[in-house]
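Following: one structure in structure tokens, then a few remarks.
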Amino acid sequence: MVQLYNLHPFGSQQVVPCKREPERFCGGGRDALFVAAGCKVEAFAVAGQELCQPRCSFSTLGRVLHLAYSEAGDYLVAIEEKNKATFLRAYVNWRSKRTENSRVCIRMVGHNLEAPFSEAFRDQMSIVEMPLSETALCISCCPVKGDLLVGCTNKLVLFSLKYQIINKEFSVLDFERSLIIHIDSIIPVEISFCVGYVAVMSDLEVLILKLESNPKNGERINHHPRKTNSSMKQTEGISNEISQLESDDFVICQKPMELLGEKSEQSGLSVTLESTGLTDEKIKYFHFRHLLYRRFAPDISSYILPDDIKLHSLQLLPIFQMGSLTTDENKLSQEKELLSLFCFFSLPHVGYLYMVVKSVELMSVYQYPEKSQQAVLTPQFLHVITSNNLQCFTVRCSAAVAREEDLYMDTTLKTCPPVSMDVCALRIQLFIGLKAICHFKNHIILLTKADPEVIPERRESPKKLLSRKDTSIKIKIPPVAEAGWNLYIVNTISPVQLYKEMVDYSNTYKTVRTQSCIHLLSEAHLLVRAALMDASQLEPGEKAELLEAFKESCGHLGDCYSRLDTQHSHLTLPYYKMSGLSMAEVLARMDWTVEDGSQKYERGLIFYINHSLYENLDEELSEELAAKVVQMFHVAEPKQLPHILCSPSMKNINPVTAMSYLRKLDNSGFSSVLVTLTKAAVALKMGDLDMHRNEMKSHSEMKLVCGFILEPRLLIQREKGQIVPTELAIHLKETQPGLLVASVLGLQKNDKIGIEEADSFFKVLCGKDEGTVPQLLVDFWEAQLMACLPDMVIQELFCKLTSQYIRRLSKRQPPDTTPLRTSEDLINACSHYGLIYPWVHVLISSDSLADKNYRDDLSKLQSLICGPSFDIASVIPFLEPLSEDTVAGLSVHVLCRTRLKEYEQCIDILLERCPEAVIPYAHHELKEENRALWWKILLPELCQKIRCGGEKYQLYLSSLKETLSIIAVELELKDFLNVLPEDGTAAFFLPYLLYCSRKKSLT
């Protein structure tokens, strides 16, 4: 059932000063109205609220049967009748018709004009005649391209709009017959055409097709249509069968049918395309898709005349995304992108509105309180006329378009009233004798005619009235009576004015029926949305007023849903967001009055405040509002209190008030680690350190970490996009840095904070700029390595840690705080830190490293390089600041070269800088496939050093003896002799030769 509101969508009205009784009329763009009467068409200027004034008039060939205007091309087209013959004519450049006697040029469609003659067309009206082989029954113009579609029996003819370019400054509008759509077994009563979408309506059938521009799988359009014999025979068989069964006592009715999408191909209608263009290159449409087929059957149970059960008011309504506006001397074109398309058609008592672009679905069904005669659909309303009433219904076009246009619709960010919401009637306005209606811009054109008294000559039985043989009543009209008529222009009021009236009207439902209030406010919201969809129709300054009304409507809907305790209460959040209201403004709109000593807070309001406080809005509530929020959650959702108190928006809450509510949670049995941590944070704000320490001691460190994971805002908050450590985090940095690092690590592992955010947090916490790395951040990196993290993160951590260790070693810069873990702790607890090679200790022992922190950083770096996961190539770029002149730098460089298997270079460096480390190095590194380096590299190098003598002679000599001992074990005697130096003393090498020769017998 359609709900009726007594609103006032119609404003002022005026009478069109027609000289004759109108037979056909239509709107002409934004500023004109065409009225056809007899063999003449009058054009009237319509501008806003000003009186309608005659503009021009021109004669037609005969009586006008159908009239249509195209804004694209600015032309008028008419089907005219003279001597029982019909003619199709287009009136071009009609604005140049100044007087009734002005010259008019008549030309045939497609006729090429020559320059000398065409100059005369610049300032005079042209009539383009379009001959057809069959009678034209109906017409429709594409609102975007200006193409003309003509309905004939069993076919539709498409004339494409084009311009004949005469010279650079002048072009003439013309048409080209480009396509014929053959549709068997249908006689079009009304058609509608829009950007390739074709809607055809007969008395009881509706068919919607989509003409496709691109060839499908190499398909070529037929220049001569192929009609299948089977379908023709089937049609003939059905009609013969019907004719045999029909008699005075029977009416054959096909059963109702609705087919959507691809299923509509099963309608039984044969559709073929025939190209009539001159060349294939100019073909605009190659194939088609079925979108909708619907067939109705008369309700014979009500004994209504079959002539009264007919469809009417077929209309395709496009909604566009407007682009740039370009004006030309001869044409006005707008770059429009079709966003959505709607199709409306109606029976006498029921109207149907479909959406037909991305998916075909029935949106709304309109039940009229009395028999309708005609209807027009606009983006905002459906206007329906009956014999004595003008009815205004709401539509759901803007709701459907909003969901097509915005991907964020129906989320926590944005929402819109549903398409499925029941429609309503805003007004039923009394008009006596309504006969026809049309609409353009914000005007409704109505034709009224007071019928003379009619006297039925005889009455037929219901059985006879249902017969197709005689379906009319003979009416006797007094010969002297003449009907009075008027043509009215009814102006619809501005959307903002109607919106305000709807809001005022909704206030009557606030305390009675919340659902009715929401319904009317939703209608007001959709009204403003629809007005904003077509910005080109708005007056200057009207858009800003509409945007303000849009935000206001969102606020009203948010208020309604905040008081609603249903499954739709979550809509409070997106509506308040779209309203632009701050949280404080929303809270100020609430009714805080307490009835019977108890206060009930509905789910919608709780849902909004909870989400808003979670989203870290850059808004601080006053102490009074913060206290009200705490009171609200204490009553409605006490478990959320710790989370609410951690929001940055609640920073002005009195800590004594907050503590009192937290203690009530303890008394109610809601005590948890999260409550404990919140109480500890509030105790810090109160300055009560003893209470803070007692709360922190009441749980183990592991449980405290879990508590911080449940509510990260206890440690980290965001203000204006920046990370801000809390007072509790600052306190933990001084008192429990290990707990702080473990907690942030837990947040990262649970995806509560990103890697870069964690780094930034520690820098801000320690008061360091971007270029400085505090020790607490290094502790955090080390803790990350100890945790099981992905390989990509580990390699990044290696780079961060090595660069930091090297920077502090190169600058001999101590850490700003005591490290949480020593190198021994990391080696024992983390697999990525390896045992430091023995020869490194020998190398380091040659120099005294007095600074403990320096030694610890060096040990951590060496341990990392010795670890199994370290990518040595990644650390090479960071080694440059670390000089090899120091023992620390030398050890790191030699370690890296060793990991790169540059053993020969490492042996040379050690022999030169630290000979005592050479043998330990060789024992550790020169194994298995590298064992040959003992005699190929190390032995010759030692012999060379001994020959040179010097201070380190004894070190080289002892190293040589150890090397010969290893070689004697590894090589056979012959091979041993080959590697010995030729200038050596035999007595020196003899013991090693004897051992090598007795090696076999010993084994």
Side-chain angles (χ1 to χ4, degrees), residues 616 642 645-646 648 651 655 673-674 676-719 722-750 752-787 797 800-801 804-805 808 813-822 825-826 853 856-857 860:
N616 297 315
L645 290 171
C646 292
K651 66 189 310 180
V673 64
L674 185 55
T676 298
L677 286 173
T678 310
K679 289 167 67 178
V682 174
L684 273 183
K685 291 183 179 180
M686 297 170 62
D688 193 337
L689 295 181
D690 292 333
M691 183 189 299
H692 168 78
R693 281 191 291 268
N694 292 333
E695 294 294 340
M696 295 299 289
K697 290 178 181 178
S698 61
H699 292 283
S700 65
E701 183 172 304
M702 185 59 68
K703 282 193 173 183
L704 294 177
V705 170
C706 294
F708 286 122
I709 293 173
L710 289 174
E711 183 47 80
R713 293 178 297 180
L714 284 164
L715 296 176
I716 303 170
Q717 294 186 352
R718 292 171 178 82
E719 294 181 4
Q722 301 295 322
I723 287 183
V724 179
T726 62
E727 188 176 347
L728 178 59
I730 296 172
H731 185 74
L732 290 178
K733 178 178 78 77
E734 303 297 335
T735 58
Q736 294 176 276
L739 172 61
L740 178 62
V741 169
S743 301
V744 177
L745 180 62
L747 295 179
Q748 185 195 332
K749 293 185 68 174
N750 287 274
K752 298 296 181 71
I753 187 173
I755 295 175
E756 293 182 1
E757 289 179 315
D759 292 358
S760 178
F761 165 75
F762 281 108
K763 289 181 180 179
V764 174
L765 178 66
C766 299
K768 304 295 182 181
D769 56 25
E770 285 298 320
T772 307
V773 178
Q775 175 58 39
L776 203 59
L777 178 55
V778 176
D779 292 329
F780 175 66
W781 290 341
E782 292 171 348
Q784 283 181 294
L785 266 188
M786 295 175 66
L797 286 172
K800 289 179 179 179
L801 286 169
Q804 182 61 19
Y805 293 149
R808 294 208 298 219
Q813 178 184 4
D816 54 342
T817 58
T818 304
L820 295 179
R821 292 176 181 84
T822 64
D825 297 333
L826 292 172
N853 290 321
D856 204 45
D857 282 340
K860 289 178 180 178

Inset, instruction - Take Leu776 and Leu740 through the test side-chain contact (heavy atoms from CB on, under 4.5 Å) and record every step on the way to the result. - result: CA-CA 9 Å; Leu776 203 59; Leu740 178 62; 4.0 Å; yes
Could you go through the side-chain contact (heavy atoms from CB on, under 4.5 Å) check for Leu801 and Glu782 one step at a time?
CA-CA 8 Å; Leu801 286 169; Glu782 292 171 348; 3.9 Å; yes
- Steps toward side-chain contact (heavy atoms from CB on, under 4.5 Å) verdict (Phe708, Asn750): CA-CA 11 Å; Phe708 286 122; Asn750 287 274; over 6 Å; no
Test side-chain contact (heavy atoms from CB on, under 4.5 Å) on Lys651 and Gln717; report intermediate values, then the result.
CA-CA 11 Å; Lys651 66 189 310 180; Gln717 294 186 352; 6.0 Å; no
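Remark: Met686 CE is packed, more than 12 non-hydrogen atoms of other residues, nucleotides or ligands lying under 6.0 Å away.
Ring planes of Phe780 and Phe762: tilted class, angle from 30 to 60°.
Here the side chains of Ile709 and Lys749 are not in contact, with every heavy-atom distance at 4.5 Å or above. Annotation: side chain of Ile716 is not in contact with side chain of Lys752 (no heavy-atom distance under 4.5 Å). Val764 has its side chain out of reach of Val724: every pair of non-hydrogen atoms, C-beta onward, lies at least 4.5 Å apart. Within the 4.5 Å cutoff, no side-chain heavy atoms of Thr817 are placed close to those of Pro774. With contacts defined as side-chain heavy-atom distances shorter than 4.5 Å, the pair Lys763/Thr772 does not qualify. Contact annotation: the side chain of Thr735 never approaches that of Met696 to less than 4.5 Å [non-hydrogen atoms, C-beta and beyond]. Considering only heavy atoms from C-beta on, Leu715 comes within 4.5 Å of Leu732 through its side chain. Side-chain contact between Arg693 and Leu689 is present, with at least one heavy-atom pair separated by less than 4.5 Å.
Judged by distance alone, with hydrogens and angles left aside, the side-chain atoms of Gln775 form no donor-acceptor pair with the main-chain N or O of Pro814 at under 3.5 Å.
Across His692 and Ala683, no two heavy atoms sit closer than the pair N-CB, 3.9 Å. Between Phe761 and Val744 the shortest heavy-atom distance is CE2-CG2, 3.7 Å. Of all heavy-atom pairs between Leu745 and Ala787, the closest is CD2-CB, 4.2 Å. Nearest heavy atom pair, residue Cys646 against residue Arg713, reads O-CB, 3.6 Å. The nearest pair of heavy atoms linking Leu820 to Pro737 is CD2-CG, 4.0 Å. Residue Lys860 comes nearest to Arg821 through the heavy atom pair NZ-O, 2.9 Å, listed as atom of the first residue, atom of the second, then distance.
Here CD of Glu757 is found 4.5 Å from CZ of Arg718. Values are rounded to the nearest 0.5 Å. Rounded to the nearest 0.5 Å, atoms CD (Glu711) and CG (Leu674) are 6.5 Å apart. Taking CG of Leu677 as the reference point, atom CG of Leu728 lies at 7.0 Å (rounded to 0.5 Å). A distance of 12.5 Å separates CG in Leu645 from NZ in Lys679, rounded to the nearest 0.5 Å. Atom-to-atom distance recorded for Glu727:CD and Leu684:CG is 5.5 Å, nearest 0.5 angstrom. Expressed to the nearest 0.5 Å, how far CD of Gln784 lies from CD1 of Ile755 amounts to 6.5 Å.
With Leu714 as the partner, the side-chain contact (heavy atoms from CB on, under 4.5 Å) test is satisfied by one option alone out of Thr678, Thr726, Leu704: Thr678.
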